[in-house]
Amino acid sequence: MKTCIFAQFGLALALLLGLSGGAEAADKIKAIASFSILGDMVRQVGGDRVEVAALVGPDGDAHVYEPTPADAKTLAAANILFVNGLGFEGWMDRLENSSGFKGKMVVASTGVKSRQMVEDEKKITDPHAWQSLANGKLYVANIRDGLIAVDPDGKAVYEANAAKYLGEIAGEEARVNEALGKLPPERRKIITSHDAFGYFGAAYGLEVIAPEGVSTESEASAKDVAKIIRQIKAEKIPAVFMENITDHRLLDQIASETNAKIGGTLYTDALSPPDGPAGTYLDMFRNNIETLTVALSS
Ligand SMILES: [Zn+2]
């Protein structure tokens with residue numbers, strides 16, 4: 001019996017030490033990002049000084065996310081919170097208020113020239129600004145400045161990490177422009193299920209049509225779908241693309257009623273799990289460009 005109690009005590013002690021993670025982990029800045037793509041960007045800039053958690057994880061849909069009590073606890077313990085803004089995280093205000101979060105909030109899209117549109121006679125803002133790498137650079141600058149504000153001792157590290165990352169984003173931007181620049185004009189129209197590629201299309205010269213609009217909250221009406229099917233036929237739109245965060249059935253139906261082919265899966269509002277093809281912001285771009293160019297070149 002004695003041995004048993006000691007064994008339990010030992011286990012409890014080991015767990016306690018393991019959970020506290022030693023002095024190093026305790027010293028780290030605790031950052032929360034609202035969704036996985038932003039989480040990766042914060043990780044790139046924060047490096048070893050920052051511990052990052054994303055509320056909406058890989059393949060998750062932040063438009064319709066419902067925060068959990070665990071999210072409120074995580075947020076309460078954080079030093080800094082990064083959100084996309086532009087109306088993307090409609091659930092954040094309530095979560096923030098209920099959590100008692102006292103840290104700094106950074107809106108990563110600050111400075112972006114937002115796309116405004118009318119949907120169902122309502123004026124709305126398109127939140128998907130990260131799908132342009134030029135905007136991604138603004139996000140990185142905002143993340144860097146936010147981290148410096150809560151951790152001035154790390155200024156040099158954050159500046160160096162951000163400069164390196166900005167260089168990588170610029171390199172990817174040149175590759176994207178080169179790859180998509182080769183597509184003939186008549187191949188520059190695509191269908192996705194929800195309208196996540198407005199900034200992407202504007203930046204890289206693609207016309208993107210989406211039955212569901214800029215949020216996944218409302219389903220496409222039969223009328224919207226019929227209209228898109230007519231449009232695909234009339235304009236000979238070559239391909240429709242699945243998204244990692246949405247249901248495939250609508251696009252299957254659209255593809256089967258037209259000559260458009262299924263072009264593969266694009267990563268829109270979330271990364272893949274780390275071992276998948278789009279585990280980081282830049283891998284998401286590489287994967288999407290590969291998928292688009294393969295489908296639209298043939
Ligand atoms: Zn979206």
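Both counts, for ligands and for their atoms, begin at 1 and track the order of listing. Nothing fancy with the numbering, it's 1 onward along the sequence.
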With no hydrogens and no angle check, just 3.5 Å: does a side-chain donor-acceptor pair link Thr216 and Thr246?
no
Side chain to side chain contact (heavy atoms under 4.5 Å, CB included) partner of Phe200, the single match among Thr192, Leu180, Thr268, Ile190
Leu180
Count of N, O or S atoms belonging to protein, less than 2.8 Å from the Zn ion (ligand 1)
4
Does Asn244 reach the main-chain N or O of Ala270 with its side chain, forming a donor-acceptor pair under 3.5 Å?
yes
For the rings on Phe35 and Phe88, is their centre-to-centre separation under 6.0 Å?
yes
Leu138 reachable from Leu166 in the ILVMFWY side-chain graph, under 4.5 Å edges
yes
Same cluster or not: are Ile191 and Leu206 linked, directly or through other Ile, Leu, Val, Met, Phe, Trp or Tyr residues, by side-chain heavy atoms under 4.5 angstrom apart?
no
